[in-house]
Amino acid sequence: MAALFVADRPPPVPERVRVQRAEGPSALAALIGREYARVHLRCQGEPQWMRITQVALHNARLDRISSRTNCELSVDPLGAWHVGRLEAGRITVLTDGQAQVFGPGQMYLLGPGQRLRIKLEDPQLDLAVIRPALLSEVTAGAAATLPPLPATAPSDDAAQAWSRAYHHIRKTVTSDGPIPAAVVVDALERLLVATTLALWSRTDGDMPAIVRSERDGYSETLRRAIAFIESSPAADICIDDIADAACVTVRAVQLAFRRQLNTTPMAYLRDVRLACAHAELQSGDAKETVGSIAKRWGFGNAGRFAAAYRATYGHPPLTTLRNLRTPA
């Protein structure tokens, strides 16, 4: 059963996070209708409450839902893909005369246009709401290949990989510091979609392309690994993290990079970090130093950073920074 949120003073919430609360059946129906789809709701017992902590991306949203409720809902057609993983409680979904029950650790996928009946029993879950336009863009229009309700639930390992990606994205967007650049948020969204597709492709055949045309020839393993690396290059990432994000072993992800890009995962990560540092050196604050920028992008050794930078861009990083500071 989900734990109650009771405190004299609620914990501080980052500015990029929106918290929605509702108490009582009518407020509950209004909240669900506003955030997901219009519902007709019938509840049993007291109390009835729900809390949704939302993190918005560009074309997707990450919701963390906690509730104390025992309700049956008739749901109007959804307008987005809903991917959820329960931590506690139970959700029963009824469609076309079929009932599927999801409990702790299990995942479900619901698609746009479905009319559903849903029973909520104190659910606590992580939910990704993905707009159809994003899925169509990332899959080159093949979004229809996703099943609205898979006959076979994803494996525990796959569900855990999805959960790691979900929490990585939330942490990146809500952590203290500068708001992530648009290109970073785009990469985070691709990682979310790629992990979702990879998860359900285990039971539904081949996974469609998950990145745009310049990478259409890459394997699914490489696409997922690249999306993970590019989503947060400044993070403390190791080879095990990259393999986990790609849902394969370390050896498999190393082979994918070697065979298709003639490099290694960590070398690719270094190149992405160099490109980010280069862009910041070109447009950074005049008070910044080469060392502070290098450290921010994961280079702990300034000498090695300078050598790698010179090898890539043909001059030391200080030259780039001086050019920025020299009046035209």
Side-chain angles (χ1 to χ4, degrees), residues 1-14 17-56 60-131 148-150 153-154 156 159 162-163 166-167 170 174 196:
M1 184 175 292
L4 279 168
F5 282 83
V6 179
D8 293 334
R9 294 182 179 179
V13 177
V17 177
R18 182 184 183 202
V19 179
Q20 304 267 32
R21 299 181 181 87
E23 295 184 12
S26 60
L28 205 62
L31 174 61
I32 295 172
R34 185 170 63 249
E35 300 303 322
Y36 305 112
R38 189 171 62 178
V39 298
H40 299 281
L41 171 148
R42 183 175 61 190
C43 296
Q44 298 178 354
E46 292 290 344
Q48 305 288 342
W49 62 264
M50 180 175 289
R51 171 187 168 113
I52 308 174
T53 307
Q54 301 172 324
V55 175
R61 200 178 70 218
L62 305 181
D63 293 357
R64 184 165 294 160
I65 300 174
S66 294
S67 69
R68 172 71 61 84
T69 179
N70 188 337
C71 295
E72 291 187 10
L73 292 70
S74 296
V75 184
D76 280 4
L78 298 172
W81 292 92
H82 288 211
V83 188
R85 186 182 190 220
L86 271 80
E87 294 183 1
R90 204 161 59 159
I91 293 178
T92 302
V93 181
L94 302 97
T95 180
D96 297 329
Q98 301 286 327
Q100 288 186 271
V101 180
F102 302 93
Q106 292 184 310
M107 296 193 64
Y108 66 86
L109 173 66
L110 303 176
Q114 288 182 281
R115 288 187 177 275
L116 305 167
R117 286 175 51 219
I118 299 176
K119 184 175 182 180
L120 305 178
E121 298 173 85
D122 297 337
Q124 181 173 331
L125 68 145
D126 291 332
L127 175 69
V129 181
I130 303 171
R131 293 178 182 173
L149 278 173
D156 290 343
W162 185 90
S163 186
Y166 176 96
H167 287 282
R170 280 188 68 104
T174 61
T196 299

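What you see is a predicted model; the values in this text were computed from it and never measured.
Annotation: the span from Ile52 atom CD1 to Ile32 atom CD1 amounts to 7.0 Å, rounded to 0.5 Å. We find the CD-CZ distance between Gln54 and Arg170 to be 9.5 Å, quoted to the nearest 0.5 Å. Atoms CD1 and CD1, from Ile91 and Ile65 in turn, are 7.5 Å apart once rounded to the nearest 0.5 Å. In this structure, the separation between CG on Asp122 and CD on Gln48 is 8.5 Å, given to the nearest 0.5 Å. Within the model, atoms CG of Leu28 and OG1 of Thr69 stand 5.0 Å from one another, a figure rounded to the nearest 0.5 Å. Atoms OG and CE, on Ser66 and Met50 in that order, are 9.5 Å from each other to the nearest 0.5 Å.
In this structure, the side chains of Phe102 and Leu125 stay at 4.5 Å or more apart for every pair of heavy atoms. In this structure, the side chains of Lys119 and Asn70 come closer than 4.5 Å at one or more pairs of heavy atoms. Counting only heavy atoms from C-beta outward, the side chains of Leu127 and Glu35 never approach each other to under 4.5 Å. With contacts defined as side-chain heavy-atom distances shorter than 4.5 Å, the pair Tyr108/Gln100 does not qualify.
By the 6.0 Å contact criterion, CD on Glu23 is open, its count of non-hydrogen atoms from other residues, nucleotides or ligands being 12 or less. The number of heavy-atom neighbours closer than 6.0 Å to CZ of Arg34, taken from other residues, nucleotides and ligands shown, is above 12.
Evaluation of the side chain to side chain donor-acceptor pair (under 3.5 Å) rule for Glu121 yields Arg90 as partners, not counting sequence neighbours. For His167, the side chain to side chain donor-acceptor pair (under 3.5 Å) partners two or more places apart in sequence, or in a different chain, are Arg64, Asp126.
In terms of heavy-atom proximity, Pro104 sits nearest to Ala88 at CG-CA, 4.0 Å. Contact between Ala27 and Ala22 at its shortest, heavy atoms only, is O-CB, 3.5 Å. Here the shortest heavy-atom pairing between Ala159 and Gly105 reads CB-O, 4.2 Å. Considering every non-hydrogen atom in both Leu86 and Gly89, the closest pair reads CD2-O, 3.6 Å.
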Between Gln20 and Arg18, is a side-chain contact (heavy atoms from CB on, under 4.5 Å) present by the stated rule, with each step listed?
CA-CA 7 Å; Gln20 304 267 32; Arg18 182 184 183 202; 2.8 Å; yes

Can you check side-chain contact (heavy atoms from CB on, under 4.5 Å) on Val83 and Trp162, steps first, answer last?
CA-CA 10 Å; Val83 188; Trp162 185 90; 3.7 Å; yes

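Using a 30° and 60° split on the angle between ring planes, Tyr36 and His82 fall in the perpendicular class, above 60°.
Not a single donor-acceptor pair under 3.5 Å links the side chain of Arg85 to the backbone N or O of Ser163.
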I'd like a table of donor-acceptor pairs (distance under 3.5 Å, sequence neighbours excluded) in which one partner is a side-chain atom from residues 71-80, with atom names and distances.
from	atom 1	to	atom 2	distance (Å)
Glu72	OE1	Arg42	NH2	3.0
Asp76	OD2	Arg38	NE	2.9
Asp76	OD2	Arg38	NH2	3.1

